[in-house]
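Just below is one structure, and these are the notes that go with it.
Just so we're clear, the structure is a prediction, and the values are computed from it rather than from any experiment.
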Amino acid sequence: MQKKFDTEDIKKFVKFGITGGLNTAIDFVVYTVLVSFFAVNLYTAQVVGYACGTLNSYIVNRSWTFRSKNKFFSRELIKFIIVNLITLLISLAAMYFLQQWFVGINKIILKLPVVAVTIVVNFVLSKLWVFRG
C-alpha cells in the first residue's frame, strides 16, 4: 500500500511554500496598496491581489514545484483555475466572518489568518488534483 505523502511530497511542500511566499507577497502588496492608498473595498482588493499571486503561482508551481510536463494551456490550467476559485471563495468567506467576529480589525491584520488557511487548502488540492503525477 502506497503512502499518500512521502519524502518527495515534503520537498514539494517546501517548494510550494517558497513559491507561496512569493505569491503571498505579491498578493499582499497589491491588496495593501489597493486598500491603503486607493481606498478600494477589501473584497475587491482581495480578488485583484489574489489574482496577481495566482498567475505567478501557476507559472512557478507548474515548472518548479510539481515539474509538470503538460502544455501551459491544458486541462491542468483549467483545474488550477477551479482550485484557485474555490480557494478565493474560501478566503472571501473567511474575511467576511473574521470581519464580523472582530469588528474594527485592521484590514491588513485580517488577511493574515486567511492566508494561513488558503495555503493548506491550495496545496492539498494542487497536489491531489491539479498537478498529480
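- At least one side-chain heavy atom of Pro113 sits under 4.5 Å from a side-chain heavy atom of Leu98.
- Hydrophobic clustering places Leu110 together with Trp101 (ILVMFWY residues linked when any side-chain heavy atoms are closer than 4.5 Å, directly or through intermediates).
- A 4.5 Å side-chain heavy-atom check between Lys111 and Asp27 finds at least one atom pair inside the cut-off.
- Going from atom CG of Leu55 over to atom CD1 of Ile59 covers 4.5 Å, rounded to the nearest 0.5 Å.
- Note on Tyr50 and Val83: separate hydrophobic clusters, where clusters join Ile, Leu, Val, Met, Phe, Trp and Tyr whose side-chain heavy atoms are under 4.5 Å apart, directly or indirectly.
- At a threshold of 4.5 Å between non-hydrogen side-chain atoms, the residues Tyr43 and Leu92 count as touching.
- At a threshold of 4.5 Å between non-hydrogen side-chain atoms, the residues Lys15 and Arg67 count as touching.
- A donor-acceptor pair is defined here as one N or O able to donate and one able to accept, closer than 3.5 Å; such a pair exists between the side chain of Thr118 and the backbone of Val115.
- Side-chain contact between Ile78 and Phe73 is absent, with no heavy atoms from C-beta onward closer than 4.5 Å.
- Donor-acceptor pairing under 3.5 Å is recorded for the side chains of Ser126 and Asn122.
- Hydrophobic clustering (ILVMFWY, side-chain heavy atoms < 4.5 Å, transitive): Val35 and Val29 are in distinct clusters.
- For Phe97, the CZ atom counts as loosely surrounded, since its 6.0 Å shell holds 12 or fewer non-hydrogen atoms of other residues, nucleotides or ligands.
- In this structure the side chain of Phe80 reaches within 4.5 angstrom of the side chain of Thr54, judged on heavy atoms.
- Relative ring orientation between Phe13 and Phe123 is described as perpendicular, the plane-to-plane angle rising above 60° on a 0-90° scale split at 30° and 60°.
- A cation-pi geometry, defined here as NZ or CZ lying under 6.0 Å from the six-membered ring centre and within 45° of its normal, does not hold between Lys127 and Phe66.
- Tested against Gln46, the residues Leu34, Leu88, Val30 include a single side chain to side chain contact (heavy atoms under 4.5 Å, CB included) partner, Leu88.
- Side-chain contact between Ile26 and Ser57 is absent, with no heavy-atom pair separated by less than 4.5 Å.
- Looking only at atom types and distance, the side chain of Tyr58 has no donor-acceptor partner in the side chain of Asn84 under 3.5 Å away.
- Under the 4.5 Å side-chain heavy-atom criterion for ILVMFWY residues, no single connected hydrophobic cluster contains both Leu22 and Ile119.
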Step-by-step side-chain contact (heavy atoms from CB on, under 4.5 Å) determination, Lys71 to Leu77: CA-CA 9 Å; Lys71 294 178 183 178; Leu77 176 60; over 6 Å; no

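- Between Tyr31 and Val40 the shortest side-chain heavy-atom distance does not fall below 4.5 Å.
- With hydrophobic clusters built from ILVMFWY side chains whose heavy atoms lie under 4.5 angstrom apart, Met95 shares a cluster with Phe102.
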